[in-house]
Amino acid sequence: MSIRDIIEGKRQWRAHVARVKALPPDYEIVYKEIQRYFFKVGPVGLSDGSLLTGILDFFEEGVAAGKGVLELIGDDVAAFADDLIKDSPTYAELYQESSSGEPGTAQK
């Protein structure tokens, strides 16, 4: 990874954070809770940024449509987050598989 890549990544992240801060307070709170959960769980798709950007796009569309955040995702934020990554392996699962030497032995 070059210095330019690092600088570009920071620029993109700052723009992403600015978009999050522009959301209404209820959307911002829910987004940050989902983000915190994903950072803790570590779904593999998180590293390329598309998962969080997709959620942000979805939330911005909800705001534009005049809907509340819970109208979009339902009352259970955790269930919504889990559903988004249900078919995505986590880094913990990949590590467990690699350390056991047997593919597909990760426990859920």
Side-chain angles (χ1 to χ4, degrees):
M1 179 176 275
S2 73
I3 296 292
R4 288 178 196 247
D5 292 339
I6 294 170
I7 292 170
E8 179 61 22
K10 281 188 169 189
R11 186 189 66 72
Q12 289 175 354
W13 181 250
R14 285 185 184 128
H16 182 88
V17 169
R19 287 175 61 198
V20 171
K21 288 180 180 181
L23 291 170
D26 57 337
Y27 275 88
E28 184 178 358
I29 290 167
V30 170
Y31 175 87
K32 286 182 177 180
E33 286 302 315
I34 293 170
Q35 177 186 0
R36 186 175 299 120
Y37 176 70
F38 286 164
F39 284 172
K40 182 179 177 183
V41 173
V44 175
L46 189 62
S47 62
D48 69 3
S50 63
L51 181 58
L52 291 176
T53 300
I55 294 168
L56 186 52
D57 292 342
F58 179 62
F59 280 10
E60 288 171 336
E61 290 170 12
V63 171
K67 295 184 177 184
V69 68
L70 297 181
E71 287 180 74
L72 292 178
I73 68 167
D75 292 333
D76 192 341
V77 177
F80 174 79
D82 280 338
D83 195 44
L84 289 176
I85 60 169
K86 68 181 176 193
D87 296 325
S88 175
T90 65
Y91 286 108
E93 291 171 339
L94 293 178
Y95 175 78
Q96 188 175 19
E97 287 177 7
S98 70
S99 65
S100 71
E102 298 179 34
T105 60
Q107 298 177 7
K108 288 193 173 200

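The chain is numbered in sequence order, starting from 1. Keep in mind the model is a prediction, meaning the values are calculated, not measured.
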Sequence neighbours left out, cut at 3.5 Å: what donor-acceptor pairs do the side chains of residues 68-77 make with other protein atoms?
unit_1: Glu71; atom_1: OE2; unit_2: Gly68; atom_2: N; d: 2.8
unit_1: Asp76; atom_1: OD1; unit_2: Ala78; atom_2: N; d: 3.2
unit_1: Asp76; atom_1: OD1; unit_2: Ala79; atom_2: N; d: 3.1

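Minimum interatomic distance between Tyr37 and Ile85 (heavy atoms only, all atoms of both residues): CE2-CD1, 4.3 Å.
Residue pairs meeting the ring-ring contact (aromatic ring centres under 6.0 Å, His included) criterion with at least one partner in residues 51-77, sequence neighbours excluded, are Tyr27-Phe59. The ring-ring contact (aromatic ring centres under 6.0 Å, His included) pairs that include a residue from residues 64-89 number zero, where partners must be two or more places apart or lie in different chains. Annotation: salt bridge (Lys or Arg N to Asp or Glu O under 4.0 Å) contacts involving residues 33-42, sequence neighbours excluded, comprise Glu33-Arg36.
By the salt bridge (charged side-chain N to carboxylate O under 4.0 Å, His left out) test, Asp82 pairs with no residue at all, sequence neighbours left out. Scanning for side chain to side chain donor-acceptor pair (under 3.5 Å) contacts around Asp26 gives an empty result, with sequence neighbours left out. Scored by the side chain to side chain donor-acceptor pair (under 3.5 Å) test, Arg11 finds Glu8 as partners (sequence neighbours excluded). For Arg19, the salt bridge (charged side-chain N to carboxylate O under 4.0 Å, His left out) partners two or more places apart in sequence, or in a different chain, are Asp57, Glu60. Listed by chain and residue number, Glu28 satisfy the side chain to side chain donor-acceptor pair (under 3.5 Å) test with Lys32 (two or more places apart in sequence, or in another chain).
Two different hydrophobic clusters hold Ile29 and Leu56 under the rule that ILVMFWY side chains link at heavy-atom gaps under 4.5 Å. One hydrophobic cluster holds both Ile34 and Val17 under the rule that ILVMFWY side chains link at heavy-atom gaps under 4.5 Å.
Summarising the geometry, atom CG belonging to Leu52 is positioned 7.0 Å from atom CZ belonging to Phe38; distances are rounded to the nearest 0.5 Å. Note that the CD atom of Gln12 and the CG atom of Asp5 stand 9.5 Å from one another [nearest 0.5 Å].
Applying the 4.5 Å side-chain rule to ILVMFWY residues, one finds Ile7 in the same cluster as Ile3.
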